[in-house]
Amino acid sequence: MTGTPGAAAARDGEAPLCSPPCCPSYDLTGKNKVVTVDGMRVKLQIWDTAGQERFRSVTHAYYRDAQALLLLYDITNKASFDNIRAWLTEIHECAQRDVVIMLLGNKADVSSERVISSEDGETLAREYGVPFMETSAKTGMNVELAFLAIAKELKYRAGRQADEPSFQLRDYVESQKKRPSCCSFV
Ligand SMILES: Nc1nc2c(ncn2[C@@H]2O[C@H](COP(=O)(O)OP(=O)(O)OP(=O)(O)O)[C@@H](O)[C@H]2O)c(=O)[nH]1
């Protein structure tokens, strides 16, 4: 999934927040991922637009109720990066006002074909005030962290106590993320 929004999340035990729209011909496959945060299981229900992002009305049906959206582009594909701005604008207009958004630059393992620098990703993320990291679905770099960070944010929002220190998603991501280097990607 590149250049598209793709995750709805629900806390464990809750009904799914996002039901499939009435368009069975489109392949938007839902998967659950359970992440343990401070001993609590948080269930993320993940929907990938799987190439159907040209059907804007379909993807809209998925992200409008989502609690979190992972927005991916491909660091070897400029068009996917250029699409992100349009998606962020649309998401700000149509998604839940407090939706958690994370920008991910995927395929960080293929540095030889890179056309989008890490700095470009960081600059765009800063402009829109969203956390950013580069990932690799191939090596797994930062993939678990992306889900863990989302789960932490949602858990924090759900059970915030008055005396609890606030959770800063962007700071957490910045402190935990691995950065691609010339010699190691994992
Ligand atoms: N090297 C590398 N290849 C990747 C990575 N992620 C995906 N790919 C490859 O890129 C190709 C496209 O992957 P998809 O997940 O289908 O990409 P997509 O943009 O979601 O495509 P749609 O689902 O059709 O929208 C496949 O051949 C994947 O194996 C990655 O992090 N590194």
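Ligands are counted one by one from 1 in listed order, and the atoms in each one are counted from 1 as well. Worth saying up front: this structure is predicted, and the values here are computed from it rather than measured.
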Checking the N or O distance criterion of under 3.5 Å, is ligand 1 in contact with Ala108?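 No.
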Against heavy atoms of [X], which atoms of ligand 1 measure under 4.0 Å?
X      : value
Asn106 : 5 (C), 6 (N), 30 (C), 31 (O)
Val110 : 1 (N)
Asp109 : 1 (N), 2 (C), 30 (C), 31 (O), 32 (N)

Have a look at Lys107, Met141, Lys138 and point out the one with the heavy atom closest to atom 4 (C) of ligand 1.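 Nearest heavy atom to atom 4 (C) of ligand 1 lies in Lys107.
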Phe132 vs Tyr73 aromatic rings, parallel, tilted or perpendicular, using cut-offs 30° and 60°?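 Geometry flag for Tyr73 against Phe132: parallel rings.
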Any chance you could lay out the side chain to side chain contact (heavy atoms under 4.5 Å, CB included) test for Asp109 and Met141, step after step, and finish with the verdict? CA-CA 9 Å; Asp109 57 288; Met141 186 186 87; over 6 Å; no
With the threshold set at 4.0 Å, does a side-chain nitrogen-carboxylate oxygen contact exist between Arg170 and Glu153?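 Not counted as a salt bridge, because no side-chain N and carboxylate O are separated by less than 4.0 Å.
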Taking the side chain from Gln67 and the backbone from Val99, do they hold a donor-acceptor pair closer than 3.5 Å?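 Not a single qualifying donor-acceptor pair exists.
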Closer than 3.5 angstrom, by distance alone: can the side chain of Ser80 be matched with the main-chain N or O of Asp74 as a donor-acceptor pair?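 Such a contact is found between Ser80 side chain and Asp74 backbone.
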